[in-house]
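Report on one structure; see the data block that follows.
Reckoned from all heavy atoms, side chains included, excluding hydrogens, waters and symmetry mates. Letters A, B, ... mirror the listed sequences (proteins, then strands); counts begin at 1.
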There are 2 protein chains.
Amino acid sequence: MSTAEVFAALGDPVRLRLVERLGAEGPLSIHRMTEGTAISRQAVARHLNVLRDAGLLHDERRGREHVFALEPRRIAAARRHLETISAQWDTALDRLRAYVED
Amino acid sequence: MSTAEVFAALGDPVRLRLVERLGAEGPLSIHRMTEGTAISRQAVARHLNVLRDAGLLHDERRGREHVFALEPRRIAAARRHLETISAQWDTALDRLRAYVED
DNA sequence: GCCATACGCAACCTCCTTGTTGCTCGTCAG
DNA sequence: CTGACGAGCAACAAGGAGGTTGCGTATGGC
């Protein structure tokens, strides 16, 4: 659930594509998510569990299907984290410039 | 240089901390970056190379020092990517709602 | 009730990552 | 010129990540 864990979860091309699909198509079952990939259902299921453990997805059993859906608040939190770094960078550069001119 | 590679680079707690430090303190040498960490200089250097290969940092030799600095444009690009996913998610939910009510 | 479906669990293999250490090389200061 | 400092390179060990296969289990349609 840490910030690094969120980025690590997004840092695999397969998982990033799964997140993009969930964002574009809405909630999907493991079986549906496996369609269009070159890997097995178990591999996809493990990727989805990683994303859920990172807080990026939430899951629900619907009959014999296991449906995963996006958790947009986690994505928003990661976005804000990157925003903070960029903002600090600007002030750090200003301080560096003042130091060099001094 | 892919998007997944950027997130993977940020997805390690040590590297995320290095990026945060560069954002807060400005450009730093490998030796300076090693201070305050529990790992060796070589390990830090490798982490910095990973971040540079992902496009998140740029580096420069200054005498016998190797200085790394943030590349805020890459961070902004990653931020926009997350923004896109969230935006698509909203419309996907609308379509899902319309489908269920149908 | 019966069978296909969608899934979970566990074992296993392979590669990549992350850390280490040892050695060498360029650079700055005295 | 010489020694200390900051880095680069390479080899190595240990752990984790990502993939597969085989098998067992609950659910839904006929």
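- In terms of heavy-atom proximity, B:Ala78 sits nearest to A:Leu82 at CB-CD1, 4.0 Å.
- Comparing B:Asp12 and A:Arg46 along DNA chain C, the residue whose closest nucleotide (by nearest heavy atom) sits nearer the 5' end is A:Arg46.
- Within a 6.0 Å sphere centred on CZ of B:Arg79, other residues, nucleotides and ligands contribute more than 12 heavy atoms.
- A:Glu65 has its CD atom 10 Å from the C1' atom of D:dG28, to the nearest Å.
- Nearest heavy-atom pair, B:Thr34 versus B:Thr37, reported as atom, atom and distance to 0.1 Å: O-OG1, 2.7 Å.
- When rounded to the nearest whole Å, the span between CG of B:Asp59 and C1' of D:dA7 equals 12 Å.
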For nucleotides 22-30 of chain C, just jot down a letter per nucleotide in 5' to 3' order: B, S or -, based on protein non-hydrogen atoms under 4.0 Å.
B---BBS--

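- Considering only side-chain N and O atoms, A:His66 lies nowhere under 4.0 angstrom from the phosphate OP1 or OP2 of C:dA6.
- Going from atom CG of A:Asn49 over to atom C1' of C:dC7 covers 11 Å, rounded to whole Å.
- Within the 4.0 Å cut-off from OP1 or OP2 of C:dT17, not a single side-chain nitrogen or oxygen of B:His47 is found.
- Phosphate proximity of D:dT20 to A:Ser40: present, with a side-chain N or O under 4.0 Å from OP1 or OP2.
- Rounded to whole Å, the distance from CD on B:Glu60 to C1' on D:dA7 is 16 Å.
- For the pair B:Ile39 CD1 and C:dT18 P, the interatomic distance rounds to 10 Å; values are reported in whole Å.
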Walk me through whether A:Ile85 and B:Ile75 qualify under side chain to side chain contact (heavy atoms under 4.5 Å, CB included).
CA-CA 9 Å; A:Ile85 293 173; B:Ile75 295 190; 3.9 Å; yes

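- Of the listed residues (A:His66, A:His47, A:Glu65), just one forms a side-chain contact (heavy atoms from CB on, under 4.5 Å) with A:Ile30, and that residue is A:His66.
- For the residue pair B:Trp89 and A:Pro72, the shortest heavy atom distance occurs at NE1-CG, 3.4 Å.
- Atom CG of B:Asp53 is separated from atom C1' of C:dC16 by 15 Å (rounded to the nearest Å).
- In this structure, B:Phe7 and B:His81 have perpendicular ring planes: the angle between them is above 60°, well past the 30° mark.
- Residues A:Val50 and A:Val14 do not share a hydrophobic cluster, clusters being chains of Ile/Leu/Val/Met/Phe/Trp/Tyr side chains in contact below 4.5 Å.
- Here D:dG16 presents its P atom at 14 Å from CD of A:Glu5, a figure rounded to the nearest Å.
- Residues A:Arg52 and A:Asn49 bring a donor and an acceptor atom of their side chains to less than 3.5 Å of each other.
- Annotation: proximity of residues 16-33 of chain B to DNA chain D (heavy atom, distance under 4.0 Å) is found for B:Ser29, B:Ile30, B:His31, numbered in ascending order.
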